[in-house]
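Letters go in sequence order (proteins before strands), and every chain restarts at 1. These figures come from a predicted structure and were not determined experimentally.
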Protein chains: 2
Amino acid sequence: MREMVEHCDELHSHPQLVDHVKLDMPDEEDLYDLAELFKVFGDSTRIRILYVLFESEMCVCDIAALLSMSQSAISHQLRVLKQARLVRSRREGKTVYYFLADDHVRVILGQGMEHVEE
Amino acid sequence: MREMVEHCDELHSHPQLVDHVKLDMPDEEDLYDLAELFKVFGDSTRIRILYVLFESEMCVCDIAALLSMSQSAISHQLRVLKQARLVRSRREGKTVYYFLADDHVRVILGQGMEHVEE
DNA sequence: ATAACATATGAACAGTTGTTCATATGTTAG
DNA sequence: CTAACATATGAACAACTGTTCATATGTTAT
């Protein structure tokens with residue numbers, strides 16, 4: 001049976017470097033989680049929600065109004081953001097207010113914006 | 001005809017805040033580009049490629065060998081990374097070496113990892 | 001020229017994702 | 001209790017994505 005993966009017969013890099021790279025790679029699980037995290041940032045609706053929350057905590061229907069989207073769509077996306085621990089929420093009567101969970105969001109979006117604007 | 005979007009009859013937030021948020025939102029185009037950028041980070045194969053390139057520039061087939069993936073799959077992903085200006089390449093004979101384009105990658109992945117590891 | 005190697009790319013397919021619609025849950029006021 | 005409002009959620013569907021496979025392009029050596 002043939003190998004599933006084809007690549008060059010010999011590594012071009014020094015074996016020493018290859019070993020070094022392998023050792024320095026984060027755990028497979030962390031890499032997966034990291035990709036999952038960035039998937040969350042990879043949607044402009046969610047990015048817009050995060051930018052809204054930069055200014056102030058806000059309830060679902062106000063976010064929907066601000067972004068001209070349905071309550072359902074926003075609610076679905078807030079759930080994704082919450083599962084990624086990027087936002088948190090508090091209830092006040094009928095209303096649920098969402099707010100940013102921590103400051104990584106600002107740094108990550110800031111760096112991303114820098115890159116995009118270059 | 002009904003409105004496509006349903007939300008609360010009145011904004012709960014002060015109109016003043018709503019205006020402020022609207023003014024502070026980046027351009028629609030930048031938000032879109034930003035989401036596109038993070039989509040690129042949102043795949044564990046591409047994340048792994050970037051981590052490999054943290055250590056050293058490397059040719060396609062060595063990356064494929066290191067990650068136990070096909071040459072084709074890696075080449076497709078390198079193209080995505082290149083289009084996002086996250087990596088660049090140089091040719092040396094038959095071999096094409098890829099390397100990180102700038103340091104935003106390190107900061108973004110670093111912050112993401114911090115968030116994930118919390 | 002041809003052969004061998006490294007990389008790139010187009011088509012196809014399965015798997016994933018974001019929105020809508022309908023409806024359920026939770027809360028408050030009467 | 002019921003009505004009204006705010007939010008959450010499951011199903012469905014179209015749109016998008018990552019890999020494989022086959023093949024094309026580019027480079028070097030002979």
Please report the interatomic distance [atom1]([X]) to [atom2]([Y]), rounded to the nearest 0.5 Å.
X	Y	atom1	atom2	value
Leu34(A)	Phe41(B)	CG	CZ	9.0 Å
Lys82(A)	Tyr98(A)	NZ	OH	5.0 Å
Thr45(A)	Ile63(A)	OG1	CD1	12.0 Å
Ile49(B)	Gln77(B)	CD1	CD	6.0 Å

Original post:
Are side-chain heavy atoms of Phe38(A) and Asp43(B) found at a separation under 4.5 Å?
Top reply: no
Indicate, yes or no, whether a donor-acceptor pair under 3.5 Å links the base of [N] to the side chain of [X].
X	N	result
Ser72(A)	dT9(D)	yes
Gln71(A)	dA6(D)	no
Thr95(A)	dT7(D)	no
Ser70(A)	dC21(C)	no

Would you say [X] places a side-chain N or O within less than 4.0 Å of OP1 or OP2 belonging to [N]?
X	N	value
Arg79(A)	dT9(D)	yes
Arg91(B)	dG26(D)	no
Gln77(A)	dT17(C)	no

**OP:** Hey, which sits more toward the 5' end of DNA chain C by its nearest nucleotide, Asp43(A) or Lys94(A)?
**Re:** Asp43(A)
Original post:
On DNA chain C, nearest-nucleotide positions of Cys59(B) versus Ala73(A): which is more 5'?
Top reply: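 In this pair, the answer is Cys59(B).
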Take the protein atom [atom1] of [X] and the nucleotide atom [atom2] of [N], then report the distance between them rounded to whole Å.
X	N	atom1	atom2	value
His12(A)	dT7(C)	NE2	C1'	11 Å
Leu78(A)	dT19(C)	CG	C1'	15 Å
Leu67(A)	dT19(C)	CG	P	10 Å
Tyr97(B)	dT7(C)	OH	C1'	13 Å
Ile49(A)	dT7(D)	CD1	P	13 Å
Leu81(B)	dT17(D)	CG	P	14 Å
Ile74(B)	dT19(D)	CD1	P	8 Å
Lys82(B)	dT7(C)	NZ	C1'	11 Å

Original post:
Planes under 30° and centres closer than 5.5 Å, is that true for His76(B) with the base of dT9(C)?
Top reply: yes
Original post:
Base, sugar-phosphate, or nothing for Tyr98(A), non-hydrogen atoms under 4.0 angstrom?
Top reply: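 Answer is sugar-phosphate: Tyr98(A) comes under 4.0 Å of backbone atoms only.
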Original post:
Looking at the side chain of Val96(A), which of dA8(D), dT19(D), dA6(C) is the nearest nucleotide?
Top reply: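 Of dA8(D), dT19(D), dA6(C), dA8(D) is nearest to the side chain of Val96(A).
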Original post:
Would Asp103(A) and Arg106(A) pass as an ion pair if we require N to O under 4.0 Å?
Top reply: yes
Subject >> Arg46(B) or Cys61(A), whichever maps to the more 5' nucleotide of DNA chain D >> reply: Cys61(A)
Subject >> dT28(D) - base-pair partner by Watson-Crick or wobble geometry, distances under 3.5 Å >> reply: dA3(C)
